[in-house]
Every structure is written in structure tokens, then in C-alpha cells.
Peer 1: 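First, the structure itself, so that you have it in front of you.
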Amino acid sequence: MLKREEIAQRIAQELRDGWYVNLGIGIPTLVANYIPEGISVEFQSENGILGMGPFPYEGTEDADLINAGKQTVTIRDGGSIFDSSLSFAMIRGQHVQLTVLGAMEVSEKGDIANWKIPGRMVKGMGGAMDLVASADNIIVAMSHTNKRGESKLLKECTLPLTGVACVKKIVTNLAVLDVTDEGFKLLERAPGVSVETIIQSTEGKLIVDGEIPEMQI
Amino acid sequence: MLKREEIAQRIAQELRDGWYVNLGIGIPTLVANYIPEGISVEFQSENGILGMGPFPYEGTEDADLINAGKQTVTIRDGGSIFDSSLSFAMIRGQHVQLTVLGAMEVSEKGDIANWKIPGRMVKGMGGAMDLVASADNIIVAMSHTNKRGESKLLKECTLPLTGVACVKKIVTNLAVLDVTDEGFKLLERAPGVSVETIIQSTEGKLIVDGEIPEMQI
Amino acid sequence: MNKIVASSDKAIEGILDGMTIMVGGFGLCGIPENCIAALVRKGVKGLTCISNNAGVDDFGLGLLLQQKQIKKMISSYVGENEEFERQMLSGELEVDLIPQGSLAERCRAGGAGIPAFFTPAGYGTEIAEGKEVRAYNGKPHILEKALTADFALVKAWKGDPYGNLVFKGTARNFNPVMAMAGKITVAEVEELVEPGELDPNFIHLPGVFVQRIYQGSHYEKRIEQRTVRSKN
Amino acid sequence: MNKIVASSDKAIEGILDGMTIMVGGFGLCGIPENCIAALVRKGVKGLTCISNNAGVDDFGLGLLLQQKQIKKMISSYVGENEEFERQMLSGELEVDLIPQGSLAERCRAGGAGIPAFFTPAGYGTEIAEGKEVRAYNGKPHILEKALTADFALVKAWKGDPYGNLVFKGTARNFNPVMAMAGKITVAEVEELVEPGELDPNFIHLPGVFVQRIYQGSHYEKRIEQRTVRSKN
């Protein structure tokens, strides 16, 4: 089973040189720590910044320079600042090549639910609905099952949706899967995790085709 | 009968302190020369400039600073530069208080035709259709009749329209008129011009109510 | 042209009970701190607030929530605020949640004279309920309407008497688009400069969108998530 | 990230016969002079050109018209060009005239993932023929669709290897919105600077919208209407 950092590490392998990338809160944020050697990517944050750098050194933090998680950040050479409408123009207009975000549920059709649990305080969707409805390439980072051990990879989402038929790839603590027209296609398994475990942990249709390699991290 | 400069001078009397104003090509451009004492207005040009100043001094003209008529201009303190989409956001969003433009025909309902003559080379509407469809306050500056002596204030426009029911006021070489629900309402006559002459020169419905004063220029 | 008003209290003159106001900022970044304080002093009630967030318990719009001055919030994310949660769950406070990009674009549209537009955001979700759906390029989109407000309250870094504004860093966020969408737009700035001091080529928001401007004071600029790394 | 290409010829690589290109500029102000020269050299034909104007006989897009490389112009104003007039009247050249504000907004929409929007411009005129009409706030509006292009060719004052652009004066005009709407956007700049030289807070167009950038040369910057006053 992968740790949070390892999920991020595996997702980082999906990055390609020259991509603009939007990372959601939580595990996705960690992806920035594992950019492969020799490639250059730019991070976009939907509150209006491109070329986001690491957290500032203690004492240099600037209240006027935050990311969408409201954390103090820095900006790298070649970065830029813009207003919220231009920020989502980039996102909606598909100028950002990859979005990585967390989820509570993903369906075998690629539907995603990650913003609302009926009966609980609803905080809002923030930019998630714009991101998932727009991006061509969406990777979900999440644990394969919830705290009660129930699968988060479902036939149909049970929670209110954030977007439909949009998730392309899922990296969990157990596996890497593509979302295909036929359902979840198992690509890789976490070190030491058996295909059997993944099958048991996946409620939605799972396609297991031939030998499934272990992830290389 | 007013000269072109006098039409502009009369229109300038309509300016109010604090207004943003878009002036079309021709007579409207001259309005900038007659701003009444004690009021301050800002000129917008739809190619992306606010706070347009007078033409530059010889030798200081800048190819990168022009107005919508492609003339070299200057920019005043407090002015700003922006792209074409923001420029028309200002216009369409009714942040510009007054548009002054020329016309080939105006109907008694306030329709305007000023961009196309069938059979002749069509140069295009430029920003005129956006301006007339958006502005709350549109003043037309034109001669009362065309070169053949035919009225340009008509029951119905005969030329392809630029906009419908949008003109609020007309200042011609003969008269000042409001466009009302009942037709053209004569407000003032040019010095030395009789009401009779105006009636004869106006094809559309003309309301002449009481004594018509002479313009003060 | 001189749009300077003497104080934050003068700046918000005319905001009445029941009005709709837009308030710039993202989280606590780039919020009009002085305008909010003036609204608290004024005690105006029953406000509909369009703002990406709702502040925290003791800062930002949270200050208006404490005084129960807000009837309805239109936002994209409203976490981190217990009083908000209490009022929402008790039904005192109406909440309309909007995808962040749609919120930004609806404000811009309101300012730009675009009454409605199609966006893919929210298709297939509860956000799309009751909204027109149309496919473009093989992809379903929903029709969203422009937002405007009686007043827009925004915060900038520098401004001049013409209302021209320059923002600093990510404190820009929703401020420009909300400034466009206010029937009356009030800008508070950290520094009010003379006409001509701002380079016309580098103005973030032309003054045509601003009706009142003043220099604010005592900016706290609270940080919600102070994240740093150590120098070692 | 390095988007620099070696020359204008390299920059327009991939533009093929029959493609749709956007070309920035207003009149002759802010036009990509080097890209246009490269297109003439390349001799690519049957182009659909989206550009506010069509240049003059011997400059700007007029150079492409002379070589009969343009099949169709999508513009708001096309005066001051005899060869254009000749080709249009003879039926060699298709012309689609669009209100200038709708042209700008349709480009922005194309870049911003907004497939369609309502605007009042053109209602009741021949521009509205065949378009959906809907009233908002008691005023009729027409539905306009987004524009995109295979390539957008734009001109900026300064740029960096990331594609970030800064424009000068009214040479900005359509360049930013067209840069947003190009599948591949080529920017030529008067001055290519190092990463970090452009202040992130004052970038007119973020590099995310630009795929190729190069420093142009021999800018003529012809003035169409030289209007001056004498110093006396």
C-alpha cells in the first residue's frame, strides 16, 4: 500500500515537459515535490497565479501571495499573476494540460464526487467543478477505500456529483487505473498488493487484462 | 445653417462633468475641441484607450498610440490602455455615458443606418453596432439632408440598419431634435433657420410644440 | 475627474438594507477591510453578499455575519467559519454555492454587458438543475446568467483620483471583475497616488469602472494558512 | 520552459493551405510584421484570416492579399485597401463582417472555453439573421459563437521564453484575445528578455496562451493617419 507521498510520486511520473498543471488540495499538492529530472512544468493556482514556487522561507511570507488553498507561496521567474476570470479562462479554455485532484468517489464512467456529503456542512465546490468540466486530462489521487473500508471506485457515485465522465486516470494507495469506455482498467498495482486485493476493493467494473506490473516508484 | 464645427459645438453643450464619452469619426471627433468650461470628461476610443488627449506635437507621434480612426493621439494623465475585449466590455456594459456618431439615416423610432450602402463597397461596421446597441445615450451628428437634398430623418430607414430604436438625440445643421415615442421632437433651430425649413427637410414625423428657440452657440 | 471620497463611511453611503453587494477577495487575501469595517459601523442589514468566500469568524465578511447583517451569501467556498455554519444550519442564512470559475465569469459578464453565456462547469451536477443545456463541440454546456450588484466593494494596492487601480500579487483575484459589475463601485487602496503616477500601460483596472475611491488604513492582511520552509 | 523559436519561418511552421489564422493588430498598429512576411515567403494559400482589419495595399495583410493567399477575411472594418476591394467585388475573396466588439468577445470566448454568449450588438440588423434572439432585462440580444483558429499570430512589445507578453500602448488591441484563441499561438516581440525580467504582476498576457515566441526585426510600424499639431 502506498503512502500519500508515494501516490504523489507515482502521479508525478505522468508529468510531461512543458505542461501547465493545476494541483488540488491534499495529496495533489505533494506532486510538486516529485517532478522528474529534466522536465519543466508550471503550476497554476486558480486564485490567479502561474509559475507557483515552493513555500516561502520563514519571515518572507507575503499575505498578498497565496495559492488556492490559501497557503503562502512564492512565484518563480517566468510566473505571472492575473484575475479570477482570466484564471478560469485558462482552465475552461483547456490551456492547462493536467489537473490532479482528490475525490470521495469515482464511477466506472469517470464521474467524480468530491464536494458535498448530504447531511454534513457543505463548504462549497470552489473551482473543482470548473476544473473537472474543462480539463482534458484529469488524474484523481485518493485512497482506494474509505475509512469504513468501502470502495471509492464505484459503479455509480452515490454522493452529489462534481462532474460527469471526466476522470481519465486514478492513482490510489493500491493501484493505477485508467477510466475506459468499458470501466476501470487496472494498469499497475502497488508494491506488495495483489490483484485479488484490488478486485475486492473495487466496486465498479474492473478490467484486469494479463499480467499487472508493480508500480515503479 | 450650422457648419460642422458648430454642430460639434452644440453637441458639446450636452456633455456633463464626469462623463466618459466615445466620439465617432468625422464631426463627432470635433466635439473634443469644445468642452464647456469647468467640466471634465474622458474620451474613450474603442481600440483600447481611455483619457485620450489632443493630437501629438509634430515629431512626437507614436505609431503605437492611435485612436479608432487610426490617427496618432496622445494620452492624458489618468488615462489607461487596455485590450479590445475590455474596451467593448466598457461599451457594452454601459460604463461609457455618451456616444456621438454620424449617420446616413435616422428613423423616427430612433433606428440608425450608417454602415452600408447596397451596391457600394462595404467597408464594415467597425465598432458602430456595439456602440449603438449598448449606449444609453446616443447623439447623432449629421447634416439634415443628403447631397441630393433628401431628408436623412425618415419614417423608416431605407439603408441596412446599424441599430434599432437607439438614437436619443440628433443635432443637424438645421436643428436639435429628440427622438421620442411619438417621433422627432424639435427642440431648437439653427440661427436663421425657420421652423418651416426644418419641417420641409424632415420626412419622418416631426413634433413642433410651441415656440422653438434658436440654438445658443 | 476626481472620485476621491473622504472616508470609508462616505464611500459606502447609499448602501441600504436588503441591497446586493459584491465584495472582492479570495479567502482573506485582497479583501476591502476598511469598507467591511464601515459596513459593521453602519449596521446595514439583510444584505445579499456576492463574494468568493465568507471570511473567518472574526475577520473579513465574518464580521458582518457576527452582526447578522447578511441574509444571503453567494460564494464558491465557505469553509473555516463556525458562525457561518451555525447560521446556515439554523436557516438564518441563505447560501447559494456557485463554481468559482462561473462566479468569476458571471461577474465579468455583468460588467461587460453579456447577459448570459454557456459554460461546461457544473453540467450533470445539481448546479445545472433548471438550467438550459446545449452541446457545443460535442460537449454539454449550461447557460449561466450575468451577476451585477448595487455596490461592489474592492481593494487595490494603488489607485488614483480617476479610479484607476493596480493590484498586488494574488490580492487581485475577484477584485477587477467585481469592480466591473457594480452599479456603484467603491475602491479602497493602500496608496492613493496623483494622476499620472500610474503608467497608463500597466493599469489593471481602468477607472471607468470605479465611482468612488479612498485610501484605507490599518491593513491587517491576515494570513489564513501561513506555510513556510525553514532556511536550513 | 523555453518556447523560443529561431526565426519567423520556424515560428509559422505547420501553417498549411486552407487553415484559419488569427492576426492581431488594429489597422497597422500592433500587427505581426515578421510573421506576415514569413507567410508571404512560405506562399501558403487559401487562408481564412480573422483580423480586425485587412491592412493597406502594400502593408500588413495587404501583402498576403496581393499574393492571393487569403480566401476569406473575417473582420470588422476593411477600408483603405484597393486590392481588397477588387478581390471582394470580383468574388475572389469572401468577406465576413462582424461588429468589432463581438469579434473581440468571440475571440476571448474561444480562448476561455465559452462556446457562446448573448450580446445586444447587431440585434435588428442583417448581422442577426439566422441567430437566436433572446431578451434580457427587457432588451433583445443575439447569440454569438466563439471563434478559434489553427494559429494565432500576435505581436507584443516584450516577451520572455515562457511566452509571457507585455504590449505597448494601443498596439495591444486584439493581440491578447487572439493569443488566447489560437490552437497554436505565435508571438513575435520587439524585445525578448530573460525569465524574471518581466514583473509577474504586470504581464499583460500570461505565457500559458503562447506556444512559440521569437524576437522580430526591422519593424516598420507604419502610421496610417499621421495627425499632429504644430508647436506654435
Side-chain angles (χ1 to χ4, degrees), chain A residues 25 29 45-49 52 54-75 81-92 94 111-113 115-116 120-134 160-166, chain C residues 26-30 52-53 75-80 84-85 88-89 95 97-105 107-109 119-127 139-141 157 167-177 180 204-205 219-231:
Chain A
I25 294 169
T29 300
S45 195
E46 62 267 29
N47 59 317
I49 178 169
M52 212 176 6
F55 296 137
Y57 287 117
E58 227 175 311
T60 69
E61 62 271 24
D62 178 356
D64 291 329
L65 199 59
I66 64 169
N67 65 17
K70 293 155 194 168
Q71 299 171 307
T72 44
V73 295
T74 54
I75 185 163
I81 300 282
F82 33 86
D83 69 47
S84 299
S85 76
L86 192 64
S87 183
F88 283 93
M90 284 173 201
I91 290 166
R92 223 188 291 103
Q94 305 195 321
D111 299 348
I112 178 173
W115 78 284
K116 186 175 183 177
R120 289 224 213 135
M121 165 69 186
V122 181
K123 294 185 172 183
M125 69 294 282
M129 282 193 183
D130 307 273
L131 282 159
V132 301
S134 308
L161 295 181
T162 309
V164 298
C166 52
Chain C
F26 186 98
L28 302 179
C29 180
N52 190 55
N53 313 92
S75 304
S76 88
Y77 188 84
V78 292
E80 282 76 72
F84 183 99
E85 192 165 341
M88 181 175 164
L89 294 175
V95 179
L97 292 168
I98 294 180
Q100 195 175 133
S102 297
L103 179 59
E105 191 66 16
C107 292
R108 180 192 176 274
T119 173
Y123 168 75
T125 76
E126 61 186 58
I127 295 307
K139 192 170 156 176
H141 291 74
W157 179 31
F167 303 91
K168 180 160 164 274
T170 56
R172 193 180 322 181
N173 56 62
F174 280 86
N175 283 298
V177 289
M180 289 171 69
H204 291 137
L205 186 85
Y219 281 104
E220 184 177 337
K221 293 199 188 181
R222 201 183 291 186
I223 293 175
E224 266 184 272
Q225 304 284 338
R226 189 178 304 272
T227 48
V228 295
R229 50 188 169 140
S230 75
K231 276 192 177 128

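Below, chains carry the letters A, B, ... as their sequence lines are ordered, and counting in each starts from 1. The structure presented is a predicted model; accordingly, all values stated were derived computationally and were not measured.
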Peer 1: Between C/L205, C/I98, C/N52, who has the most heavy-atom pairs with chain A when the cutoff is under 4.5 Å?
Peer 2: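 The residue among C/L205, C/I98, C/N52 with the greatest pair count is C/I98.
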Peer 1: Please look at A/T162 and chain C and tell me whether the side chain, the backbone, both or neither of the residue comes under 4.5 angstrom of a heavy atom of that chain.
Peer 2: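 Interface part for A/T162: backbone (N, CA, C, O).
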Peer 1: Report the option among C/G101, C/G169, C/A121 that has the most heavy-atom pairs separated by less than 4.5 Å from atoms of chain A.
Peer 2: C/G101
Peer 1: For C/N53, which atoms come within 4.5 Å of any heavy atom of chain A: side chain, backbone, both, or neither?
Peer 2: side chain
Peer 1: Which residue out of A/I75, A/V122, A/T60 racks up the most heavy-atom pairs below 4.5 Å with chain C?
Peer 2: A/V122
Peer 1: Using atom types as modelled and distance alone, determine if a side-chain donor or acceptor of C/T227 lies under 3.5 Å from a backbone N or O of A/T72.
Peer 2: yes
Peer 1: Looking at C/R229, C/K139, C/R172, which one has more heavy-atom pairs under 4.5 Å with chain A than the rest?
Peer 2: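 Option with the greatest count: C/R229.
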Peer 1: Quick one: of C/P140, C/G124, C/P120, C/A171, who has the most non-hydrogen atom pairs under 4.5 Å with chain A?
Peer 2: C/P120
Peer 1: Could you report the tightest heavy-atom contact between A/M125 and C/P99, atom names first, then the distance?
Peer 2: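 Shortest heavy-atom contact: SD-N, 3.6 Å.
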Peer 1: Could you state the interatomic distance from CD1 (C/I223) to CD (A/E61), rounded to the nearest 0.5 Å?
Peer 2: 5.5 Å
Peer 1: Suppose we screen for side-chain contact (heavy atoms from CB on, under 4.5 Å). Which residues come up paired with C/T170, at least two apart in sequence or across chains?
Peer 2: A/N47, A/I49, A/L65, A/I66, A/I81, C/C29
Peer 1: Could you check whether any side-chain N or O of A/S85 sits under 3.5 Å from a backbone N or O of C/A104, counting only pairs where one atom can act as donor and the other as acceptor?
Peer 2: no
Peer 1: Between C/K168 and A/D62, does a side chain to side chain contact (heavy atoms under 4.5 Å, CB included) hold up when you go through it step by step?
Peer 2: CA-CA 10 Å; C/K168 180 160 164 274; A/D62 178 356; 3.6 Å; yes
Peer 1: A/V132 versus chain C, heavy atoms under 4.5 Å apart: side chain, backbone, both or neither?
Peer 2: neither
Peer 1: May I ask you to test the C/F26-A/K70 pair for a side-chain heavy-atom distance under 4.5 Å?
Peer 2: yes
Peer 1: Is atom OH of C/Y123 surrounded by more than 12 heavy atoms (other residues, nucleotides or ligands) closer than 6.0 Å?
Peer 2: no
Peer 1: I'd like to know which of A/A128, A/P54, A/G163 tops the heavy-atom pair count under 4.5 Å against chain C.
Peer 2: A/P54
Peer 1: For each of A/G126, A/S87, A/G48, tally heavy-atom pairs with chain C at distances under 4.5 Å, and name the one with the top tally.
Peer 2: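 Sorted descending by pairs with chain C, the first entry is A/G126.
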Peer 1: Under a 4.5 Å heavy-atom cut-off, does chain C meet the side chain of A/N67, its backbone, both or neither?
Peer 2: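 For A/N67, backbone heavy atoms alone lie under 4.5 Å from chain C.
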Peer 1: Any idea which heavy atoms bring C/E126 and A/P160 closest together, and the distance?
Peer 2: OE1-CB, 3.7 Å
Peer 1: Looking at every non-hydrogen atom in both residues, tell me the closest pair between C/L97 and A/W115 and how far apart they are.
Peer 2: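 So the minimum-distance heavy-atom pair works out to CD1-CZ3, 4.0 Å.
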Peer 1: Side chain, backbone, both or neither: which part of C/V177 has an atom under 4.5 Å from a heavy atom of chain A?
Peer 2: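 The answer is the side chain of C/V177.
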Peer 1: Under a 4.5 Å heavy-atom cut-off, does chain C meet the side chain of A/F88, its backbone, both or neither?
Peer 2: side chain
Peer 1: Below 4.5 Å, heavy-atom pairs only: which of C/E105, C/R108, C/H204 has the largest tally toward chain A?
Peer 2: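 That would be C/E105.
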Peer 1: Nearest heavy-atom pair of C/K221 and A/A63: which atoms, and what distance?
Peer 2: O-CB, 3.4 Å
Peer 1: Between C/S102, C/G30, C/S75, who has the most heavy-atom pairs with chain A when the cutoff is under 4.5 Å?
Peer 2: C/S102
Peer 1: Using the side-chain contact (heavy atoms from CB on, under 4.5 Å) criterion, which residues pair with C/E85? Sequence neighbours excluded.
Peer 2: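 side-chain contact (heavy atoms from CB on, under 4.5 Å) check on C/E85 returns A/M121, C/L89.
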Peer 1: Heavy-atom cut-off 4.5 Å, strictly under: side chain, backbone, both or neither for A/A68 against chain C?
Peer 2: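 Contact with chain C involves both backbone and side-chain atoms of A/A68.
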Peer 1: Any sub-3.5 Å donor-acceptor pair from A/D130's side-chain atoms to C/Q100's backbone N or O?
Peer 2: yes
Peer 1: Could you tell me which of A/A113, A/S84, A/G124, A/A133 has the largest number of non-hydrogen atom pairs under 4.5 Å with chain C?
Peer 2: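 Maximum pair count with chain C is reached by A/S84.
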Peer 1: Pick one of side chain, backbone, both or neither for C/F84, based on which atoms fall under 4.5 Å of a heavy atom in chain A.
Peer 2: side chain
